[in-house]
Visitor: 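Here it is, the structure, as structure tokens.
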Amino acid sequence: MPELPEVETVRRGLAPSLIGHRLGAVVIRESRLRWPVPADLEARARGRRILDLRRRGKYLLMRLDDGWLICHLGMSGNLRLMPADTPLLKHDHIDLFLDDGQVLRYRDPRRFGALLWTADPASHPLIASLGVEPLSDDFDGPHLHALCRGRSSAIKQVIMDAHLLVGVGNIYANEALFHAGIDPRAQAGRLSRPRCARLAAAIKEILARAIEAGGSTLRDFVDGHGNPGWFQQTYRVYGRAGQPCAICGGPIHTLRQGARTTCYCPHCQRR
DNA sequence: AGAACCACCTGGCAGC
DNA sequence: TGCTGCCAGGTGGTTC
């Protein structure tokens, strides 16, 4: 489900309802996520006040008055606030009860997500190794050009590498490359500065627009209150194989890069 | 160091 | 209807 805009949408939706409340009981029905949910999660979290809800890349960071919860939604996870007596559905793995009769419920059919505790995210290996935030002022054309320099891999692989640049998954990588007119197979190290500037701008714009639209991605995406996003209706290449390009009218092509599908317009996107 | 692959899971869908 | 095979939003780990 989630790329950066979806995670940010969840964060914005949940933050006002969570901040200031205390956590109560923690029920772990299934601890086998990407990494085992720590057995002492309840001992760490119960009674703690929620001070903030932040995002770093695609990770949600819940700051408590002692320590932090780290949450990743993987490919199929969602985190929703609901009345504490809401009946359970299949794959509802973890409940974090609040002091106001609500429960923050983690559901993740594929179990690629994570829920962890740390004393300090800045020194946690998963967080410390993350690359630049694409919506920050630190990220711009020159920065992207520097990231690409010396790399022989395809530009799409580079912008999807979370150790270099966070938050750009398959969907937004495809869309950003289309908007920048760059072939996804182009060798990263050979991209000119102006093209890097265009790509950095496209990444920022697409992510920002997707957040404004309330997150998006797939048909099953819902925010922290169960509402769907709508940005998917604006995709130009993702999921449009064989359909006409919005610019030139030629068919959208697909290919495999790494283990994922790339969608692009061979006429409008150049190496 | 960098690049190419694999692994982890379930659900949905196309095709037979 | 029901089976099989394939595909899917992420990312750490292994291998070369």
Side-chain angles (χ1 to χ4, degrees), chain A residues 1-10 29-37 55-60 70-79 89-94 106-116 124-131 134 146-177 184-190 203 206-207 210-211 213-223 228-235 237-242 254-263:
Chain A
M1 167 203 325
E3 296 193 29
L4 185 150
E6 289 70 44
V7 180
E8 180 62 19
T9 298
V10 170
R29 285 176 216 89
E30 174 59 84
S31 62
R32 295 172 301 170
L33 302 186
R34 177 73 202 259
W35 298 279
V37 179
R55 179 189 57 75
R56 178 76 176 92
K58 296 171 189 167
Y59 291 90
L60 283 169
I70 299 176
C71 183
H72 197 293
L73 301 176
M75 297 233 284
S76 59
N78 67 46
L79 198 55
L89 297 173
K90 197 177 178 185
H91 309 301
D92 283 343
H93 301 317
I94 300 167
Y106 179 82
R107 177 168 195 269
D108 186 3
R110 289 178 73 179
R111 291 194 273 123
F112 282 8
L115 187 60
L116 301 165
H124 191 283
L126 290 176
I127 306 299
S129 63
L130 293 175
L147 287 180
C148 288
R149 194 157 47 205
R151 295 185 188 276
S152 61
S153 49
I155 183 60
K156 180 166 179 255
Q157 312 277 32
V158 168
I159 62 174
M160 287 181 67
D161 185 340
H163 300 113
L164 302 175
L165 169 66
V166 296
V168 180
N170 195 37
I171 294 175
Y172 295 111
N174 282 309
E175 294 297 314
L177 286 162
R185 298 164 294 185
Q187 228 182 72
R190 304 187 67 150
I203 290 169
I206 289 199
L207 293 177
I211 291 170
S216 67
T217 350
L218 294 191
R219 59 190 173 280
D220 56 353
F221 173 73
V222 291
D223 67 16
W230 297 104
F231 185 72
Q232 59 201 5
Q233 295 173 11
T234 71
Y235 290 162
V237 285
Y238 181 80
R240 298 191 68 246
T254 63
L255 54 86
R256 301 290 290 181
Q257 283 183 293
R260 8 196 46 121
T261 300
T262 293
C263 309

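Each chain gets a letter, A, B and so on, in the order the sequences are listed, and its residues count up from 1. In this text, all values refer to a predicted model and were calculated from it rather than measured experimentally.
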Visitor: Taking 4.0 Å as the cut-off, does a side-chain nitrogen or oxygen of A/Ser153 come that near to OP1 or OP2 on B/dG2?
Guide: no
Visitor: Using the six-membered ring wherever Trp is involved, compare the ring planes of A/Tyr59 and A/His72 and label them parallel, tilted or perpendicular (cut-offs 30° and 60°).
Guide: perpendicular
Visitor: Are A/Arg256 and A/Thr262 linked by a side-chain donor-acceptor pair shorter than 3.5 Å?
Guide: no
Visitor: What is the distance from CZ of A/Arg151 to P of B/dA4, rounded to the nearest Å?
Guide: 12 Å
Visitor: Looking only at side-chain N and O atoms, does A/Ser152 come under 4.0 Å of OP1 or OP2 in B/dA3?
Guide: yes
Visitor: Between A/Gln257 (CD) and C/dA8 (P), how many Å, whole number?
Guide: 13 Å
Visitor: Roughly how many Å apart are B/dA1 and C/dT11, using the P atom of each and rounding to a whole number?
Guide: 23 Å
Visitor: Rounded to the nearest angstrom, tell me the gap between atom CD in A/Gln157 and atom C1' in B/dA1.
Guide: 17 Å
Visitor: Which is true for A/Arg107 with a 4.0 Å heavy-atom rule: it touches a base, it touches only sugar-phosphate, or it touches nothing?
Guide: nothing
Visitor: Would you kindly compare A/Gly150 and A/Arg111 by the position of their nearest DNA chain B nucleotide and give the one closer to the 5′ end?
Guide: A/Gly150
Visitor: Using purine N1 to pyrimidine N3 plus N6-O4 or O6-N4 for Watson-Crick, or N1-O2 and O6-N3 for G-U wobble, both under 3.5 Å, which nucleotide pairs with C/dG9?
Guide: none
Visitor: Counting only side-chain N and O atoms of A/Ser76, is one of them less than 4.0 Å from OP1 or OP2 of C/dG9?
Guide: no
Visitor: Applying the 5.5 Å / 30° rule, does A/Phe112 stack onto the base of B/dC8?
Guide: yes
Visitor: Work out how far the P atom of B/dC9 is from that of C/dT14, and round it to whole angstrom.
Guide: 16 Å
Visitor: Looking at the base of C/dA8, is there any donor atom on it, or on the side chain of A/Arg110, that sits under 3.5 Å from an acceptor on the other one?
Guide: yes
Visitor: Ignoring hydrogens, what is the shortest heavy-atom contact between A/Tyr172 and A/Glu3? Give both atom names and the distance.
Guide: CD1-OE1, 2.7 Å
Visitor: What is the separation between atom CG on A/Leu73 and atom C1' on C/dG9, rounded to the nearest whole Å?
Guide: 11 Å
Visitor: If I take atom CD1 in residue A/Ile159 and atom P in nucleotide B/dA3, what distance separates them, rounded to the nearest angstrom?
Guide: 15 Å
Visitor: Could you tell me the Watson-Crick or G-U partner of B/dC9, where both distances fall under 3.5 Å? Say none if there is no partner.
Guide: none
Visitor: Work out which heavy atom in A/Arg55 is nearest to a heavy atom in A/Glu8; give both atom names and the distance.
Guide: NE-OE1, 2.8 Å
Visitor: For A/Pro184, does its backbone N or O pair with a side-chain atom of A/Gln257 as donor and acceptor, under 3.5 Å?
Guide: yes
Visitor: Measure the distance from CG on A/Leu33 to C1' on C/dG10 and round it to the nearest whole Å.
Guide: 14 Å
Visitor: Are the side chain of A/Arg151 and the backbone N or O of A/Leu147 linked by a donor-acceptor pair below 3.5 Å?
Guide: yes
Visitor: Answer yes or no: does a side-chain N or O of A/Arg256 lie under 4.0 Å from OP1 or OP2 of C/dA8?
Guide: yes
Visitor: Please answer whether the main-chain N or O of A/Tyr238 pairs with a side-chain N or O of A/Glu175 as donor and acceptor at a distance below 3.5 Å.
Guide: yes
Visitor: Quick one, give me the B/S/- string for nucleotides 11-16 of chain C, reading 5' to 3', where B means a protein heavy atom under 4.0 Å from the base and S means that only happens at the primed atoms, P, OP1 or OP2.
Guide: BB----
Visitor: In whole angstroms, how far is the C1' atom of C/dG9 from the OH atom of A/Tyr172?
Guide: 10 Å
Visitor: Using only atom types and a distance under 3.5 Å, with no angle test, would you say the side chain of A/Asp161 pairs donor to acceptor with the backbone of A/Gln157?
Guide: no
Visitor: Let me know the distance between NE2 of A/His93 and C1' of B/dC8, rounded to the nearest Å.
Guide: 13 Å
